Amino acid sequence: MISPLLPTYARPDVEFEKGEGVWLITRQGERYIDLGAGIAVNALGHAHPHLVEALTEQGSKLWHTSNLYRIPGGERLAQRLVDATFADKVFFTNSGAEALECAIKMARKYHAVSGHPERFRIITFEGAFHGRTLATIAAGGQAKYLEGFGPKVEGFDQVPFGDFDALEAAITDATAALLIEPIQGEGGVRSVPPADLRRLRQICDDKGLLLILDEVQTGVGRTGKLFAHEWAGVTPDIMAVAKGIGGGFPMGACLATAEAAKGMTVGTHGTTFGGNPLAMAVGNAVLDVILEDGFLEQVRQKSLLFKQRLAELKDRYPDVITEIRGEGLLLGLKLATPNGEFVDAARAQKALVVAAGANVVRLIPPLTITEAEMAEGLARIDAAAKAVSEAHKKANAGQPELAP
Ligand SMILES: *Cc1c(COP(=O)(O)O)cnc(C)c1O
């Protein structure tokens, strides 16, 4: 059968009919443990009762009114985000890339209204991922996403990850901001050391640049803090959020200090769908759970245990797993064997994991995963690692030994 879908995804032949917490269930009743959570989106798992209730209650009242009128749910959610973070202002979007677009425009506008329209360039870091719009592929700077899509959007400069000499050299009178993920997700679960994040903050302060954090993947409890930058004890000027904030409902947000947002006045930016009543009802419901006393604490405890168990797995299969990366429940296995093969082997064990760059496999389960479910997931990952290890041993057997 020829699919009418644009063939931009190479999907395996698997589909799900329903979800329950950390489980995805096929029509035949097969249960897969979801350690990918829709790429770190289903922060509270599938069909969380509180989210279902919020969605259905709002769904029978009012879905959409446009941003021409006040949206009380959005005012409430923005206030809660402001109360819980560095930010004074919030703009709601439908996706991560749009949250980044808002952040990029805001940084440029800030300098323009400060009398420096020439300061519009943004420095990003190798291995970054910021989305798939024309501006965000330019920001991400990855050739594989830019190839064939015409001239790269102007105004993005990229330096090697962790290279402060290159960074200092790249800053010019035209630089507006630095843009970085506290942990590169798609790039292979690469953490920015907290000391480096503090150093980036200092550089921004010294040179009058804005610090933009992309917390689309790291945010909303994923690392055991509401936002990952809290671990470093510094705050950004602008932050892009999405994925977990909607728990599966498509939504994102751009958060900023009042100063950074000062250029974003009436008419400067907009969205038809962003922040509609349905999205805001779900977003508020997600925050109800994430901000509950003790919720983030249990994410931190579970993630320590998870990381420990994964380290044991690495010791058991050193021919397959070479490194455990990441923080909280954004963890990565750096592999010696192809990551796509590992994803397939895990799926054969009915465990869903997600590939990332640098030959990494991501484990990004719902934050609500229980210890028993973690143990079940680990048993399946263990079986997958064993299968991969044995397949490679078999393939290597019979091949002549390399001369010393
Ligand atoms: C997923 C992701 C994006 C893009 O989000 P979309 O909702 O797919 O547009 C941007 N930045 C980071 C760090 C991401 O993980």
Side-chain angles (χ1 to χ4, degrees), residues 6 8-9 36-43 91-107 122-142 144-146 149 153 156 158 161 177-192 197 200 211-223 227-229 236 238-255 271 273-276 279 282-283 286 325-332 353-358 360-365 367:
L6 202 63
T8 52
Y9 288 96
I39 319 186
V41 166
N42 302 100
F91 183 87
F92 291 111
T93 68
N94 310 291
S95 68
E98 287 169 289
L100 264 306
E101 291 272 347
C102 178
I104 293 162
K105 287 176 71 176
M106 185 186 287
I122 294 176
I123 297 176
T124 66
F125 296 82
E126 282 176 16
F129 181 80
H130 298 298
R132 298 292 203 111
T133 61
L134 287 168
T136 57
I137 56 176
Q142 300 212 33
K144 63 178 175 183
Y145 298 140
L146 287 159
F149 294 118
V153 169
F156 297 95
Q158 195 159 66
F161 190 86
L178 310 183
L179 165 60
I180 192 166
E181 301 153 83
I183 304 172
Q184 285 186 346
E186 308 298 314
V189 192
R190 237 181 350 169
S191 304
V192 178
L197 209 53
L200 292 176
L211 179 61
I212 308 173
L213 291 181
D214 180 347
E215 291 236 25
V216 168
Q217 192 154 159
T218 52
V220 196
R222 182 55 49 192
T223 68
F227 291 101
H229 67 261
I238 305 175
M239 175 170 73
V241 181
K243 292 205 164 92
I245 196 172
F249 197 94
M251 68 173 286
C254 177
L255 278 63
T271 166
F273 290 119
N276 88 3
V282 179
V286 169
R325 298 176 162 192
E327 308 296 330
L329 290 177
L330 173 47
L331 296 171
V353 296
V354 182
V360 164
V361 161
R362 264 176 295 177
L363 301 173
I364 36 181
L367 307 180

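Nothing fancy with the numbering, it's 1 onward along the sequence. Here the structure is a predicted model, which means the values were calculated and not measured. Numbering of ligands and ligand atoms starts at 1, following listing order.
Contact annotation: the side chain of Ile183 approaches that of Glu327 to within less than 4.5 Å [non-hydrogen atoms, C-beta and beyond]. Within the 4.5 Å cutoff, side-chain heavy atoms of Thr271 are placed close to those of Phe91. Using a 4.5 Å heavy-atom threshold, the side chains of Leu330 and Thr218 count as touching. Using a 4.5 Å heavy-atom threshold, the side chains of Glu215 and His229 count as touching.
Ligand 1 places these atoms under 4.0 Å from at least one heavy atom of His130: 10 (C), 11 (N). Counting atoms of ligand 1 from 1 in the listed order, those under 4.0 Å from a heavy atom of Ser95 are 7 (O), 9 (O). With ligand atoms numbered from 1 in the order given, ligand 1 contributes 4 (C), 10 (C) to contacts under 4.0 Å with heavy atoms of Gly131.
The CG atom of Leu100 sits 4.5 Å away from atom CG of Asp214, with the distance rounded to the nearest 0.5 Å.
Thr133 and Glu101 form a side-chain donor-acceptor contact under 3.5 Å, judged by distance and modelled atom types alone.
Where the criterion is an N or O separation shorter than 3.5 Å, residue side chain and backbone included, Leu100 fails it with respect to ligand 1. Annotation: Asp214 places an N or O atom under 3.5 Å from an N or O atom of ligand 1; distance criterion only.
Counting heavy atoms closer than 4.0 Å to ligand 1, residue Lys243 contributes side-chain atoms (C-beta onward) but none from N, CA, C or O. Within the 4.0 Å heavy-atom criterion, both parts of Ala97, backbone and side chain, lie near ligand 1. The part of Glu181 lying near ligand 1 is the side chain, judged by heavy-atom distances below 4.0 Å.
By the neighbour-count criterion of 12 heavy atoms within 6.0 Å, atom OH of Tyr145 is densely surrounded, having more than that number from other residues, nucleotides or ligands.
Protein heavy atom nearest atom 6 (P) of ligand 1, with residue, atom name and distance: Gly96 N, 3.4 Å.
Using a 4.0 Å threshold on non-hydrogen atoms, atom 8 (O) of ligand 1 does not count as touching the protein.
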